[in-house]
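Notes for the one structure printed next.
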Amino acid sequence: MFNLEATLFCGQAFGWKKENSTYQAVLDNRLITLDQENPFSTITKDPYLNHYFDMEYPYAEAESVLQKKDSHLASLITAHVSIHILNQDPFQTMISFITSQNNTIKRIRSLLEKLSQQCGREVEEGLYSFPTADELLRHAGEDTLRSLGFGYRSPYIIEAARSHNLLEEVARQDDEESARTLQRILGIGAKVAACILLFGFGRKDVFPLDTWTKKIMKKYYPTSEPSFFSPYGGIAQQHLFYHERQMIEAHW
DNA sequence: GGCCAGGAGGCCT
DNA sequence: AGGCCTCATGGC
């Protein structure tokens, strides 16, 4: 059991939709439908979903270590129950977080959906898979991406698709070296590289530093660095980020 | 209500 | 330090 809502909508994945009383996404050319009331039986029965939702990772232990480290995080983890880090496809993760730069979650979701419609396969009426690198390059050039609204990120996405073979190297390298490898791709800097490693390669100790998490560090941990949360920086970051987003949404 | 800056989970030059 | 695509948002 974990917090599915937080896991799906706290900014690590952009393809899930809340539809009637279900959550839906296309994963690996398959339409996945989870019942909001009872999603976990579906997940645990399906080996693919079991891995996608990272059910094999010992979250209880990681959370316990983080809770002992600091009281702020302790209360957040207690409140959130458990947020999992999804094992997403590395290529999809790379394109998604290139798209995310200087952008809002709403627009990121919309852009990636358009990209899937343009380049992916229609798995069910109106529902498209996320394209592979080859599919993307076959069905879209820089001009197509610009017309879809990707703006200056368009050449970055083409470049990343052409460089998708680097992802195999990344998988074999440690956190620091793999971050450097990713940053060889035009349009990928330190922040986007960190997101790809955490959300596409399960690197639980990578802590993406962006405008939000920098503010969070300044506010709650003015004398600490993200390495304070090691070896679970990525998990800590999810709880800190999710909480800060909640505060803003609650303000409405 | 309409207009217009400044910002949005960065990165490049 | 500035510029970049585009769009939703808030301030006048």
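We name chains A, B, ... by the order of the sequence lines, and we start the count at 1 in each one.
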* Asked: Contact class for N103(A) (heavy atom, under 4.0 Å): base, sugar-phosphate, or nothing?
  -> sugar-phosphate
* **For dG1(B), the Watson-Crick or wobble partner whose two distances fall under 3.5 Å** => none
* **A193(A) or K215(A), whichever maps to the more 5' nucleotide of DNA chain B** => K215(A)
* Asked: Would you call the rings of H80(A) and Y242(A) parallel, tilted or perpendicular if under 30° counts as parallel and over 60° as perpendicular?
  -> perpendicular
* R109(A) CZ to dC7(C) C1', straight-line distance once rounded to whole Å -> 17 Å
* Asked: Can you tell me how far P in dG9(B) sits from the matching atom in dA1(C), rounded to whole Å?
  -> 23 Å
* **Contact check, side chains of S163(A) and M94(A), non-hydrogen atoms, under 4.5 Å** => no
* Centre of W212(A)'s six-membered ring, under 6.0 Å away, within 45 degrees of the axis: is that where NZ or CZ of R245(A) sits? -> yes
* Is the base of dC5(C) touched by the side chain of R153(A) through a donor-acceptor pair closer than 3.5 angstrom? -> yes
* Using the P atom as the reference point in each nucleotide, state the distance between dC12(C) and dG7(B) in Å, no decimals. => 14 Å
* **DNA chain C contacts made by residues 89-100 of chain A, counting heavy atoms under 4.0 Å** => none
* Check whether the side chains of E63(A) and S82(A) place a donor and an acceptor atom closer than 3.5 Å, and report yes or no. => yes
* Would you mind pulling out the nucleotide paired to dC11(B), Watson-Crick or G-U wobble, both distances under 3.5 Å? => dG3(C)
* Side chain to side chain, T99(A) and S96(A), heavy atoms closer than 4.5 Å -> no
* Asked: Can you tell if the side chain of C10(A) reaches within under 4.5 Å of the side chain of Q238(A), non-hydrogen atoms only?
  -> yes
* P atom, dC4(B) versus dC5(C): distance in rounded Å? -> 22 Å
* Asked: Which of parallel (below 30°), tilted (30 to 60°) and perpendicular (above 60°) describes Y52(A) and Y48(A)?
  -> parallel
* In whole angstrom, give me the gap between the C1' atoms of dC12(B) and dC7(C). => 22 Å
* T93(A) side-chain N/O to I196(A) backbone N/O, donor-acceptor pair under 3.5 Å -> no
* Asked: chain A on DNA chain B: first and last contacting nucleotide, 5' to 3', under 4.0 Å to a heavy atom?
  -> dA8(B) to dC12(B)
* d(CZ, R107(A); C1', dT9(C)) in whole Å -> 14 Å
* Determine the contact category for G11(A): base if any of its heavy atoms lies under 4.0 Å from a base atom, sugar-phosphate if only primed atoms, P, OP1 or OP2 are that close, otherwise nothing. => base
* Scan for ring pair (Phe, Tyr, Trp, His ring centres under 6.0 Å) pairs involving residues 88-139 of chain A, sequence neighbours excluded, and state none if there are none. => F14(A)-F97(A), F97(A)-F199(A)
* To do: Between Q237(A) and Q183(A), just flag the one whose closest nucleotide in DNA chain B comes earlier from the 5' side.
  => Q237(A)
* Asked: In whole Å, what separates the P atom of dT6(C) from that of dG2(B)?
  -> 24 Å
